[in-house]
Amino acid sequence: MPETKANTKRTSKLGRSEWIEAAFRLLTESGVTSINVEKLAKRLGVTKGSFYWHFKDRTELLEAVLDKWHDQYVIAKVEHMGGDAYTRLINLLDVVPRKRGSKHLGGSMELAMRSWARYDDDAENVVADVDRLRVNYVADLLRELGFPEEELESRAFLIYAYVMCQGIFSFEKTDDILERIHNTCTDILIPRD
């Protein structure tokens, strides 16, 4: 009897956002095909009924996952940190941890989203839109710094590509080497006068 009460109590506190977050984790770990109601319910320690309280079906959950990813947590985080355009660009470049043992999931999420987008039109459209938003965000910051208009798109693309690659590269994480490479790349990508 106490187990039922505990489960009921947990179910009543479990909201839509917890289901989306659990789906995000599963997507990152195993890809979109691994996201199913039974697996999520088990992981959250609730019944499938809780899922259907918040979502019509799996498709609605996957749409919510795409919406959440589209919201651009990284850009919001950099904006929240504040500062001038140069500081925000540096914060963007620093957003991916380079220390040995860090468990940053951003790279895994990026790979999972792009894998999903290869065969799903909705995911493909969201990924393309997010790529555009990110490159435009970086280009706007570069514009504020006075970079020539004809360089903006290419330089923004290179900066964006560097941020992405930091999250997905899997070479030995030797702190001093990664930090040295990062500092050199930062100087190349965003030179200070």
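For the single chain, residues carry numbers from 1 onward in sequence order.
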Point to revise | Criterion side-chain contact (heavy atoms from CB on, under 4.5 Å) on E150 and R155, from CA distance to verdict | key: CA-CA 9 Å; E150 62 274 7; R155 189 175 290 275; over 6 Å; no
Heavy-atom distance under 4.5 Å between the side chains of E124 and R118, does that happen here?
no
One should read off an interatomic distance between D122 CG and T59 OG1, to the nearest 0.5 angstrom, of 9.0 Å
Expected output: side-chain N125 to main-chain D121 donor-acceptor under 3.5 Å: yes
Rounded to the nearest 0.5 Å, the CG atom of L61 sits from the CD1 atom of I35 at a distance of 6.5 Å
Side-chain (S115) to main-chain (L111) donor-acceptor, under 3.5 angstrom: no
(message) Classify the ring geometry of H182 against Y162: parallel below 30°, tilted from 30° to 60°, perpendicular beyond 60°.
(response) parallel
Rounded to the nearest 0.5 Å, the OG atom of S50 sits from the CG atom of L44 at a distance of 7.5 Å
Between the side chains of R16 and E60, is the shortest nitrogen-to-carboxylate-oxygen separation below 4.0 Å, so that they form an ion pair?
yes
ask   = Looking only at atom types and distance, does a side-chain atom of N136 sit under 3.5 Å from a main-chain N or O of R132, one as donor and one as acceptor?
value = yes
Salt bridge flag under 4.0 Å for residues R43 and E29: yes
Check your understanding: Judged by atom type as modelled, is there a donor-acceptor pair below 3.5 Å linking the side chain of T28 to the main-chain atoms of F24?
Key -> yes
Check your understanding: Would one find more than 12 heavy atoms of other residues, nucleotides or ligands at under 6.0 Å from atom NZ of K42?
Key -> no
- Distance only, no hydrogens: is a donor on one side chain within 3.5 Å (strictly under) of an acceptor on the other, for N183 and T186? no
Separation between CG (L142) and OG (S154), nearest 0.5 Å, reads 11.0 Å
side-chain contact (heavy atoms from CB on, under 4.5 Å) test vs L141 passes for just one of I159, D84, L89, namely L89
Decide yes or no for I20 and F55: does some side-chain heavy atom of the first lie under 4.5 Å from some side-chain heavy atom of the second? yes
For this session: Check the pair W116 / L66 against side-chain contact (heavy atoms from CB on, under 4.5 Å), numbers first and verdict last.
Result: CA-CA 10 Å; W116 181 6; L66 288 173; 3.6 Å; yes
Residues Y160 and D131: side-chain donor-acceptor under 3.5 angstrom = yes
Can you hop from V127 to F157 via hydrophobic side chains spaced under 4.5 Å? no
In terms of side-chain geometry, is the basic nitrogen of R134 or E110 positioned less than 4.0 Å from the acidic oxygen of its partner? yes
query = Within the distance-only criterion (no hydrogens, no angle test), does the side chain of R88 pair as donor or acceptor with the backbone N or O of E79 below 3.5 angstrom?
reply = no
Are more than 12 heavy atoms, taken from residues, nucleotides or ligands other than F147, located less than 6.0 Å from that residue's CZ atom?
yes
message = Donor-acceptor check, side chain of H54 to backbone of L14, threshold 3.5 angstrom: yes or no?
response = yes
To the nearest 0.5 Å, atom CG of L189 lies from atom CG of L93 at 6.5 Å
side-chain hydrogen bond (donor to acceptor under 3.5 Å, both in side chains) filter on K68, not counting sequence neighbours, yields E21
dist L62:CG -> D57:CG (nearest 0.5 Å) comes out at 9.0 Å
task = Say whether, by atom type as modelled, one donor and one acceptor occur between the side chain of E151 and the main chain of P148 under 3.5 angstrom.
result = no
- Start with the C-alpha distance between Y52 and V37, add both sets of side-chain angles, then the distance that settles side-chain contact (heavy atoms from CB on, under 4.5 Å), and finish with yes or no. CA-CA 9 Å; Y52 292 106; V37 178; 3.8 Å; yes
Side chain to side chain, V32 and V65, heavy atoms closer than 4.5 Å: no
